[in-house]
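Working notes, structure below.
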Amino acid sequence: MWFTFILLQLLPQLTLSAHCPSGCVCDVKGSAKCIGGITDVPPLDPAMTFLLLLNNTNIKVLKDRSFQSFSLLLRLMITHSALDTIQPEAFHGAPQLLSIKMSSNALTVFPPNVFSEQNNLEQLHLHDNNIVSITSDLFKGLVNLTELDLSKNRISRLNADVFQNLTKLNYLNLAGNQLRSLPNTVFHNLRQLKSLVLSSNHLETLESGSFDHLSNLLLLMLHKNQIREIPPRLFWHLPSLLTLSMSGNQLRYIPAKSFYYLPNLTKLTLFKNPLISLPDQLMGNMLRLQEFNLYGTNLVTVPWNLFANMTNLRLLNLHFNDNLTSLPMELFCCLPNLMKLSLKHNNLRALDPELFSKLASLKILNLNDNKLESLPATIFCNASRLEILDLNHNHLRYLPGDIFVHTRALNVLSLSGNKWKCDCSILGIAEWIRNNPRVINDLDKGVACYEPYHLQNHPLQTLTYEDLQCGRGVFQTMFMTTSIIPTQVPATSTPQSSSATSTKPRTTATSTAPSTSTSSTFATTASLFSPKSDHTYIKQGNDYNDYLVFYNTIVLENGPEIVHNNHYGGWVYLWTVPTTAPYSGFMMALYIVLLVIGVVLIVATMYALYRLHKVMWVLGKVTLGDNQRIKARRVRSFKVKL
Ligand SMILES: *[C@@H]1O[C@H](CO)[C@@H](O)[C@H](O)[C@H]1NC(C)=O
Ligand SMILES: *[C@@H]1O[C@H](CO)[C@@H](O)[C@H](O)[C@H]1NC(C)=O
Ligand SMILES: *[C@@H]1O[C@H](CO)[C@@H](O)[C@H](O)[C@H]1NC(C)=O
Ligand SMILES: *[C@@H]1O[C@H](CO)[C@@H](O)[C@H](O)[C@H]1NC(C)=O
Ligand SMILES: *[C@@H]1O[C@H](CO)[C@@H](O)[C@H](O)[C@H]1NC(C)=O
Ligand SMILES: *[C@@H]1O[C@H](CO)[C@@H](O)[C@H](O)[C@H]1NC(C)=O
Ligand SMILES: *[C@@H]1O[C@H](CO)[C@@H](O)[C@H](O)[C@H]1NC(C)=O
């Protein structure tokens, strides 16, 4: 029994190794991997090859009927192999193929009917070749295709009917080609499509109706093209859409209501477009949107209700917009969940006192690298959750002494790189700094006077009345309501009154033309910033692609598997020995249990024989003697013992 068991385990390996040519690695599950100098499909055992991977080979030509003898082959990969010619009948005689991957080769054209027998094919991956054009009938027979990857080729135009028969297509990747335009009906039959990737092409326009039939689409990537304008209602028929990327194009205007009727949208990118203005009605309800980035635009201001429908936003990056000079008072009216707001590296000169008053959840606020000269005293009045605030590298000359009275959670504040004007009015904030030195994280980088000249570089927190030559009386009248000396602050003092008396912002919100002095910094800072942002974006894209892995294993791990074989129209029964860890563990445990049972059985048999022998001996003795009582007693005691 043991022998047959062990033999059963070894048999497949023994027979298999006999058929695996050198340069290839074959395994029991029916996969063969060949690497290196071969120039043609190697002579493998057709009865044991379900998956064939030829990587880094010297195969340049795929000959007619190369796979005819491999009647069980389901998945085929010929990659990194300088393959440049496919003969017209290369795949004929192998209609059972489910996956073909020929990426990273030198393919330029395909014979028209090369895939005509492949009506079972599910995956066709041809990315990273030199494909220039695709004839209309190339994909006609691929009625079962679900994934088509043509990315990183040199395709410059598509025929309107090229994808006509691909009604089961789920995933279409055309990224990294040279497409300038698309026929507006080219995707009309792809009603099952979930992902459409058109990024990194040369698209300049999109025709209206291009995406009208894609009601199952989840992902639409249009970033890194040259799109100058989009027709109205382009995205109105994509109710399932989760991701829409439009960044890195040439959009200057976007039609009104373009992003209406996208209720499930979770990611929308518009950054890095030379946008000049946005329409008053642009965003529909987007309750799932949690993060929004708008940077690298030419916007001077934005409509007040741009974010009004994004009620669940957690993170908003409205930064690195060189020309952004003013923000409408109501802009952040409807973002009760916003945790982080970045307004850094814009061209902001003044902020409305009510701008942040509705941001009840705000924890992080970046206002650094703008041109702010002061802030209204009440601006952080409702920012009781604010923890981190960046005000460095502005033109701040002055801040009201009580501006941080309500920001009880504030624990990191940066103030360096400003142009503090050290006259009497600075004493309020100077006193606050003196009392809260640990909150300010850049005291060492210089929170110091910029003018007057004789006080230049004098640290703010060490200023005294004498330094500033402020009379006590002057001080009292000017700063009645600030919190420099707590006893002097009237108990009823409200922020409004303080701003009314002495802390009026020096400038009001204007849309004056921005000075050009920041344009050079934009170029550097934006380029520092953007790659990181792009990187995270691209990474997510890759995550998506990872999810769409090419099947490079056959799932046979879980014991015997029945593989349907179209070629013979019958069933092939394939036994394999499980190799995954839990199964080998189980097998080993089973083996030990059986072994122990065997040993126990042998010991028990020997013991039983010994007892039997003893009984026989006693019985023999008793029959020799005449004494019936002794015999009876012995028999009884034996029974008891037994
Ligand atoms: C194929 O070879 C390339 C390098 O030439 C390597 O990067 C890639 O991982 C290989 N693929 C497989 C599946 O072995
Ligand atoms: C296509 O796939 C379906 C199920 O996914 C299958 O029943 C059919 O045989 C496949 N082949 C063709 C040619 O339709
Ligand atoms: C593919 O499309 C053509 C028309 O372009 C049609 O005649 C043919 O029947 C289609 N093939 C299948 C299998 O649907
Ligand atoms: C939006 O997402 C929800 C939940 O995932 C889903 O049930 C719903 O069908 C989606 N809506 C549309 C229009 O696809
Ligand atoms: C929010 O979206 C709805 C449609 O989804 C629209 O009617 C409404 O005008 C939008 N609100 C704003 C402020 O844009
Ligand atoms: C502060 O928030 C409260 C409630 O959240 C609101 O009633 C009040 O108007 C806000 N203050 C300002 C100055 O907007
Ligand atoms: C935006 O700023 C750039 C300089 O960075 C300038 O050339 C351009 O004219 C500005 N655009 C608008 C609309 O103000």
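Ring centroids of W420 and Y398 are separated by 6.0 Å or more, keeping the two rings apart.
Residues that satisfy the side-chain hydrogen bond (donor to acceptor under 3.5 Å, both in side chains) test with N392, not counting sequence neighbours, are S414. Residues passing the side-chain hydrogen bond (donor to acceptor under 3.5 Å, both in side chains) test with D280, sequence neighbours excluded: none. Every ring pair (Phe, Tyr, Trp, His ring centres under 6.0 Å) that Y261 has, sequence neighbours left out, goes to W236. For S200, there are no side-chain hydrogen bond (donor to acceptor under 3.5 Å, both in side chains) partners at least two apart in sequence or on another chain. With sequence neighbours left out, the side-chain hydrogen bond (donor to acceptor under 3.5 Å, both in side chains) criterion links S416 to D442.
Using cut-offs of 30° and 60° on the angle between ring planes, the pair F320 and Y295 is perpendicular. Between F307 and F292, the angle of the ring planes goes over 60°, which puts this pair in the perpendicular group of the 30/60° scheme.
There is no side-chain donor-acceptor pair under 3.5 Å between N201 and N225. Checked by atom type, the side-chain pair N370/K344 shows no donor-acceptor distance below 3.5 Å. Side-chain contact check for N321 and T297: at least one donor-acceptor pair (N or O, by modelled atom type) lies under 3.5 Å. In this structure, a donor-acceptor pair under 3.5 Å is present between the side chains of N317 and N293.
The shortest non-hydrogen separation linking D352 to M329 is OD1-CG, 3.2 Å. Here the closest non-hydrogen pair linking P183 and L158 is CG-O, 3.2 Å.
Side chain of N309 to backbone of M283: a donor-acceptor contact under 3.5 angstrom is found. Judged purely by atom type and a 3.5 angstrom limit, N366 has no side-chain atom pairing as donor or acceptor with the backbone of S342.
Between the OG atom in S195 and the CG atom in L218 there is a gap of 6.5 Å [rounded to 0.5 Å]. Residue I364 holds its CD1 atom at 8.0 Å from CE of M339, rounded to the nearest 0.5 Å.
Salt-bridge formation is not detected for the pair R349/E373: no Lys NZ or Arg NE/NH1/NH2 atom is positioned less than 4.0 Å from an Asp or Glu carboxylate oxygen.
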Report task. Please lay out, stage by stage, how L294 and L306 fare under the test side chain to side chain contact (heavy atoms under 4.5 Å, CB included). Result -> CA-CA 11 Å; L294 193 57; L306 182 62; 4.1 Å; yes

Let me check something: any side-chain donor-acceptor pairs from residues 448-457 under 3.5 Å, sequence neighbours excluded? List them with distances.
unit_1 : atom_1 : unit_2 : atom_2 : d
E451   : OE2    : R397   : NH1    : 2.7
Q456   : NE2    : Y450   : O      : 3.2

